[in-house]
Amino acid sequence: MLDDTLFLALETISLNKQALIFASTRSIAEKTAEDISLKTSFFFPELATQVLKGISSPTKQCHRLSSCVKKGIAFHHAGLTSKQKELVEEEFRKGTIKIICCTPTLAMGMSLPAFRVIIKSLKRYSGKWGMDWIPVLEYLQMAGRAGRPEFESYGEAISLAKTELDSLDIYNRYICGQPEDIYSKLAVEPVLRTYLLSLISTEIANSRTDLLNFFSKTFWAHQFKDMEKIGVIIDRMLLLLKDFGFIEFSSNNSADFVAANQLAENYFIRATLIGRRVSELYLDPVTANHLICGLNKSSEINLTPFSFLQLISHTLENYPLLKVKVKEFEEVQEQLLLKKAQFLENEPSVYDLDYDEFISSVKTALFLEYWINESEEDFLLEKFDIRPGEIHVKLEVADWLLYSTAELARLLKLQSILKDLNKLRIRVKKGVKEELLPLLQLKGIGRKRARKLFNRGIRNLGDLNTVDLTTLSQLLGTTLALDLKKQLGAEIKPVPEKQTLGQLSLKKY
DNA sequence: TCTCTTCATTTCTAGACAGCATGTC
DNA sequence: CTAGAAATGAAGAGA
């Protein structure tokens with residue numbers, strides 16, 4: 001037998017049923033899908049073209065998916081465009097796609113039941129110890145996809161074991177084992193401090209007592225049991241928030257001044273103006289402080305778009321950062337040196353535990369910089385190993401963080417920076433160089449078309465106004481050309497009423 | 001000297017959701 | 001404490 005997975009997959013197809021195959025990494029998921037697709041006799045050319053639809057320049061990954069889908073097989077992981085993911089899910093539900101090879105995410109999200117679930121491996125790379133068994137909960141999530149109650153009375157969940165011993169291990173651990181406890185997500189510090197600030201900012205809680213009271217009712221406290229310890233953690237967070245200037249304490253007794261490291265029960269706590277905005281923006285206070293520190297440094301450095309891109313890249317919100325591979329390390333460091341004067345934060349020492357993250361943030365910023373200099377997606381895939389799906393996630397986060405940074409800059413009265421930030425935000429959103437910005441004001445003009453126009457010497461609305469319709473039609477097609485002229489007419493001289501009226505009255509007769 | 005093969009060594013590994021206001025190719 | 005696929009590199013074969 002060639003390969004267990006392949007065999008099971010083909011058998012499922014011959015039973016005229018569908019299967020989900022869980023793989024531990026993206027590349028394995030893709031490879032498995034490809035292998036199976038080579039053995040099927042389905043043929044859905046229209047699906048294959050649909051995968052590529054809506055992508056200006058399909059990457060290698062897109063083509064790979066396309067050729068799998070053509071044979072009724074698909075892979076599914078976070079690197080896919082959301083549209084591609086939707087397509088795969090929908091076609092699987094419809095029954096066109098027979099098998100999806102995916103990473104464990106699919107189990108967490110959408111409900112996609114299948115007759116058979118095949119789990120290639122129950123181990124997964126975990127940063128700390130190398131390969132490790134996945135949680136029982138996750139196994140249950142995956143296995144739970146087996147069987148579609150509307151169509152079948154049962155389903156099959158198959159786990160593959162390498163050896164006899166492994167199979168025993170899997171049986172004991174997953175089939176007989178107990179799922180592990182659910183730990184309250186509140187316990188994660190970034191969530192906790194965000195939550196804390198929001199409670200204070202919305203005035204649900206005004207004192208330490210209020211807060212403790214509130215948390216004592218949460219699932220977190222229920223698990224933690226030790227309220228005293230919770231108090232200590234909350235105190236630490238409160239002091240942090242105070243240090244950041246997001247909250248302030250005051251005492252009823254005005255003679256009392258607030259000691260640096262002590263919190264009395266009765267202090268009145270409230271959010272500052274900036275603290276409230278941070279909470280509204282749903283930023284992690286640590287991120288917000290990081291952004292503010294950066295902004296305050298803006299006058300001391302050689303400020304460029306890269307400065308902001310790096311600043312926003314080095315935040316929790318941007319996780320996971322683009323990993324710097326061994327081969328790339330030197331190049332990234334070279335860039336780091338080259339751009340030394342542009343950084344809004346201090347470079348940590350090489351020995352710092354944080355250094356890897358810092359380097360990764362530089363890579364992420366470099367990726368964004370290439371993007372706003374109009375690099376194509378397949379180029380980015382090659383250079384940064386970032387898949388189309390991830391590109392869009394990163395851009396969305398960057399947009400959000402730039403918006404937040406701009407809001408903070410506004411509160412800090414840094415008007416001069418505000419303009420830069422707004423420009424940068426548009427550039428990130430559209431992926432264009434600054435020179436194209438005037439053209440982007442028009443509807444129907446994005447990065448591609450604007451570049452086309454610009455290269456023809458049409459660089460702003462004025463140029464566009466003088467260029468004749470024929471040339472414009474040749475460049476962009478008649479419909480769009482006419483529409484653009486109409487937009488320009490409306491914008492530049494808002495009194496073309498005469499013509500309109502004339503035409504209307506002509507029609508009358 | 002150059003190309004193709006093969007075997008050994010090294011590298012790399014899953015991912016989601018938040019604000020805001022609408023229209024990309 | 002643990003894995004395994006893919007990329008890369010080095011050595012070897014053939015021409």
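Under the Watson-Crick or G-U wobble criterion, with both distances below 3.5 Å, B/dA18 has no partner in any strand shown. Searching all strands for a Watson-Crick or G-U wobble partner of B/dG23 with both distances below 3.5 Å returns nothing.
Between A/F379 and A/F384, the ring center distance fails the sub-6.0 Å criterion.
Distance, A/L316 CG to B/dA16 P: 17 Å, rounded to whole Å. When the P atom of B/dA14 is taken as reference, atom CH2 of A/W133 falls 19 Å away, rounded to whole Å. Taking atom CD1 of A/I426 as the reference point, atom P of B/dC20 lies 19 Å away to the nearest angstrom. Taking atom CG on A/L106 and atom P on B/dA16, their separation rounds to 10 Å, with Å as the unit. The separation between A/H392 atom NE2 and B/dG15 atom P is 16 Å, rounded to whole Å. If you measure from atom CG of A/D385 to atom P of C/dA6, you get 14 Å, rounded to the nearest angstrom. Between the NZ atom of A/K430 and the C1' atom of B/dG23 there is a distance of 8 Å, rounded to whole Å. In this structure, A/E407 atom CD and B/dA18 atom C1' are separated by 15 Å, rounded to whole Å.
Judged purely by atom type and a 3.5 angstrom limit, A/K363 uses its side chain to pair as donor or acceptor with the backbone of A/K323. For the pair A/H290 (side chain) and A/L311 (backbone), a donor-acceptor distance under 3.5 Å is present.
For A/R425, counting side-chain heavy atoms from C-beta on, the closest listed nucleotide (B/dG15, B/dG19, B/dT13) is B/dG19. Distance from the side chain of A/P104 is smallest for B/dA14 among the nucleotides B/dG19, B/dA14, C/dA3. Checking B/dG19, B/dA14, B/dG23 against every side-chain atom of A/K443, the shortest atom distance belongs to B/dG23. For A/E396, the side-chain atoms get nearest to B/dG19 when compared with the rest of B/dG19, B/dT24, B/dA16.
Nucleic acid contact for A/L283: none, since no nucleic acid atom lies under 4.0 Å from a heavy atom of the residue. A/S24 comes within 4.0 angstrom of the backbone, heavy atoms only, and of no base. The residue A/R451 sits apart from the nucleic acid: no heavy atom pair falls under 4.0 Å.
Comparing A/Y125 and A/S27 by the nucleotide of DNA chain C that holds the closest heavy atom to each, the one mapping nearer the 5' end is A/Y125.
Phosphate contact (OP1/OP2 of C/dG4, side-chain N/O of A/K162, threshold under 4.0 Å): present.
Enclosure of atom CD in A/Q415 by more than 12 non-hydrogen atoms of other residues, nucleotides or ligands within 6.0 angstrom is indicated. More than 12 heavy-atom neighbours from other residues, nucleotides or ligands sit within 6.0 angstrom of CD on A/E46.
The side-chain contact (heavy atoms from CB on, under 4.5 Å) test with A/K394 singles out one residue from A/D399, A/T364, A/V428, and that residue is A/T364.
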Derivation of the side-chain contact (heavy atoms from CB on, under 4.5 Å) call for A/L20 and A/F92: CA-CA 10 Å; A/L20 289 175; A/F92 186 80; 4.0 Å; yes

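One finds no salt bridge joining A/K60 and A/E30 here, because no Lys/Arg side-chain nitrogen approaches an Asp/Glu carboxylate oxygen to under 4.0 Å. A salt bridge between A/R277 and A/E280 is present, with a side-chain N of the basic residue lying under 4.0 Å from a carboxylate O of the acidic one.
Of the residues in residues 317-328 of chain A, those lying under 4.0 Å from DNA chain B by heavy-atom distance are A/E317, A/Y319, A/P320, A/K323, A/K325, A/V326.
Using modelled atom types and a 3.5 Å distance limit, the side chains of A/Y370 and A/E376 yield no donor-acceptor pair.
Using atom P as the reference point in both B/dA14 and C/dA5, the two lie 14 Å apart (nearest Å).
For DNA chain C, runs of at least 3 consecutive pairs of the Watson-Crick or G-U wobble type, with both hydrogen-bonding distances under 3.5 angstrom, map to B:1-13 with C:3-15.
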